[in-house]
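Before any comments, here is the structure.
Computed from a predicted model, the values in this text were never measured in an experiment.
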Amino acid sequence: MNIAKLRSVEVRHKKFGAGKIEEVYPSEQPKTVRVSFAYKTAQFEFPKAFIQKHLVMDDEELEAEILRYADELEEANRRKMQEEQRKREEESKLRLEEIQSEKGWKRNAKRPSTSVRHNVAFKLNYCNGGKSDERLGYYGICSESVIRYNIEVKHREWCSNKRCSCFQYYCGERTYQDILTEYCPEEDFWPCYESVTLQQWVAYAGANGDGTPRPLRAAEEQSLCVLTTVSPNMSEKERRIFAAFLIGDVFQGDDEREGYVAADQDYRLEFSPKETNELRFWDFYTNPNHPESKKWGSGLIRYFDDATAVKMLSRMVEVKAGKAEEQKAKEMLDRYIELHKNVLRQ
């Protein structure tokens, strides 16, 4: 469409009233038009301003042409994104194939035991603290409704422990404002690990039923860690990955403290609620003892092999495509492949 024909066309804005298109800027990205109103001049994105009805006109034929042009643009952008995604998938496949082909990759060789148990997935109780369009939660104290959900519906062990400040609130021993006021991750005042997960970027093995700390024997530095959860009203089959990182530090645990893994600060990714819908844990992980089962069961951790890790990281690159963290996701994948290429070659 030749948007130069829009010059001098009369339009209306619901706030600014009647106006006239004074100038068009077809070479800008995105394209814009400048409109002169009675008391001000404003610039609008084209054709977005007409699609969203910020600007309307009496010329129905011209308006219809603008809408057709918008549809064409949307279709072109959709095809461009599909092509870019296809190229990314091909690049990821080629990177892995290059490693596999080096020094005689044996596709059907038995995977050595050292590759099976150093990447780790954690099961976390749902926490919507700090939830936003860009964050699933895990950055503050749960809302009052989620506190009740974790206690009444899910019967979470720690949430229902009399030492937990959230349970004390639930029992009426203190107010919700009390626990909000006391919350201070910088000084280690917080009710649960989940409330500080994405502030500290640490995942803990937790405690056994008798209160003894759980060890974390198999995790290794520079392996992959993924954090998973199930939101209210979701089934276990819909378990999602909401964060991932390459492990920068491992504490295996002792008689007094549970084991934990901490993130390498240069290689970590967080996923928005919308992005997590594309990162379902059971799309990648298979229970080695019961392959048909999509059920976590007891325990907070699951180990997985390098091939699964590469699949997860490749998918994360796709999820972050076209976004600010796309390069970071690519760097995580490349770093992982580089660090583990000897095992991947088998």
Side-chain angles (χ1 to χ4, degrees), residues 120-171 173-207 213-214 216 225-245 258-263 268-282 296-302 316:
V120 59
F122 282 81
K123 176 176 71 171
L124 279 76
N125 295 336
Y126 179 68
C127 170
N128 67 342
K131 183 178 180 181
S132 68
D133 289 343
E134 299 303 318
R135 172 170 286 146
L136 189 66
Y138 300 91
Y139 206 90
I141 293 173
C142 291
S143 66
E144 295 175 82
S145 62
V146 170
I147 290 175
R148 290 192 296 271
Y149 168 81
N150 281 331
I151 295 172
E152 296 175 355
V153 179
K154 304 306 290 185
H155 309 294
R156 300 301 187 194
E157 187 173 347
W158 175 249
C159 300
S160 304
N161 189 299
K162 63 182 180 181
R163 291 181 295 155
C164 176
S165 57
C166 293
F167 187 68
Q168 293 165 10
Y169 151 73
Y170 177 78
C171 293
E173 297 174 9
R174 59 199 324 183
T175 68
Y176 185 64
Q177 187 59 46
D178 286 340
I179 58 177
L180 288 178
T181 302
E182 291 176 0
Y183 179 77
C184 185
E186 296 80 8
E187 298 182 15
D188 286 340
F189 286 113
W190 30 268
C192 63
Y193 294 139
E194 282 84 353
S195 68
V196 293
T197 297
L198 294 182
Q199 296 188 55
Q200 296 185 345
W201 284 90
V202 176
Y204 296 87
R214 285 195 185 105
L216 194 61
C225 174
V226 296
L227 307 181
T228 77
T229 195
V230 176
S231 300
N233 303 318
M234 283 188 176
S235 68
E236 173 60 36
K237 292 180 181 179
E238 297 173 284
R239 177 171 294 278
R240 299 176 292 173
I241 298 170
F242 67 88
F245 56 81
E258 69 267 55
Y260 67 77
V261 293
R268 64 188 195 187
L269 288 169
E270 180 181 351
F271 303 98
S272 70
K274 185 176 181 180
E275 288 171 337
T276 63
N277 291 328
E278 302 178 62
L279 291 166
R280 298 194 177 189
F281 178 70
W282 298 106
W296 192 291
S298 61
L300 297 181
I301 56 179
R302 292 288 181 270
M316 290 170 192

- request: Output every pair passing ring-ring contact (aromatic ring centres under 6.0 Å, His included) with a member in residues 120-158, not counting sequence neighbours, ordered by first then second residue.
  value: Tyr138-Phe242
query: How far does CG of Leu136 sit from OG1 of Thr229, to the nearest 0.5 angstrom?
result: 7.0 Å
message: Between Gln199 and Val196 (side chain of the first, backbone of the second, donor and acceptor by atom type, cut-off under 3.5 Å), is there such a pair?
response: no
- prompt: At what distance, to the nearest 0.5 angstrom, does CG of Leu124 lie from CG of Leu300?
  reply: 8.0 Å
- prompt: What pairs with Glu134 under salt bridge (charged side-chain N to carboxylate O under 4.0 Å, His left out), at least two apart in sequence or on another chain?
  reply: none
field: Pairs meeting criterion side-chain hydrogen bond (donor to acceptor under 3.5 Å, both in side chains) with involvement of residues 232-241, two or more places apart
entry: Thr228-Arg239, Ser231-Arg240, Ser235-Glu238, Glu236-Arg239, Glu236-Trp282, Arg240-Thr276, Arg240-Asn277
query: Any side-chain heavy atom of Thr181 sitting closer than 4.5 Å to one from Asp178?
result: no
task: With sequence neighbours excluded, give me every salt bridge (Lys or Arg N to Asp or Glu O under 4.0 Å) pair touching residues 137-150.
output: none
message: Can you list everything that forms a salt bridge (charged side-chain N to carboxylate O under 4.0 Å, His left out) with Glu270? Sequence neighbours excluded, please.
response: Arg135
field: Partner set under salt bridge (charged side-chain N to carboxylate O under 4.0 Å, His left out) for Glu173, not counting sequence neighbours
entry: none
- prompt: Could you go step by step and tell me if Val261 and Val202 meet the side chain to side chain contact (heavy atoms under 4.5 Å, CB included) rule?
  reply: CA-CA 6 Å; Val261 293; Val202 176; over 6 Å; no
- prompt: Can you name the residues that form a side chain to side chain donor-acceptor pair (under 3.5 Å) with Glu186, not counting sequence neighbours?
  reply: none
- prompt: To the nearest 0.5 Å, what is the distance between CZ (Phe245) and CG (Leu198)?
  reply: 9.5 Å
- prompt: side chain to side chain donor-acceptor pair (under 3.5 Å) with Ser160: which residues, sequence neighbours excluded?
  reply: none
statement: Of all heavy-atom pairs linking Leu216 and Gly259, the shortest is CB-CA, 4.0 Å
- line: Heavy-atom closest pair (Phe271 atom, Ala244 atom, distance to 0.1 Å) is CE1-N, 4.2 Å
- prompt: Got a sec, which pairs hit ring-ring contact (aromatic ring centres under 6.0 Å, His included) with one end in residues 179-203, sequence neighbours left out?
  reply: Trp190-Tyr193, Tyr193-Tyr204
query: Which pair of heavy atoms, one from Pro273 and one from Asp133, lies closest together, and at what distance?
result: CD-O, 3.3 Å
query: Does the pair Met316 and Ile241 meet the rule for a side chain to side chain contact (heavy atoms under 4.5 Å, CB included), with working shown?
result: CA-CA 10 Å; Met316 290 170 192; Ile241 298 170; 4.2 Å; yes
query: What closest approach, in Å, do Cys127 and Gly140 show between heavy atoms, and which atom pair accounts for it?
result: SG-O, 3.4 Å
- line: Residues at least two apart in sequence or cross-chain that pass side chain to side chain donor-acceptor pair (under 3.5 Å) with Asn128, listed by chain then number, are Ser143
- request: Using side-chain contact (heavy atoms from CB on, under 4.5 Å) as the criterion, list what pairs up with Ile179, not counting sequence neighbours.
  value: Ile141, Ile147, Ser165, Cys166, Tyr169, Arg174, Tyr176
- request: Please identify each residue that fulfils side chain to side chain donor-acceptor pair (under 3.5 Å) with Arg156, with sequence neighbours left out.
  value: Asn125
query: Roughly how far apart are Glu157 CD and Ile151 CD1, rounded to 0.5 Å?
result: 13.0 Å
statement: To the nearest 0.5 Å, atom SG of Cys171 lies from atom NZ of Lys162 at 11.0 Å
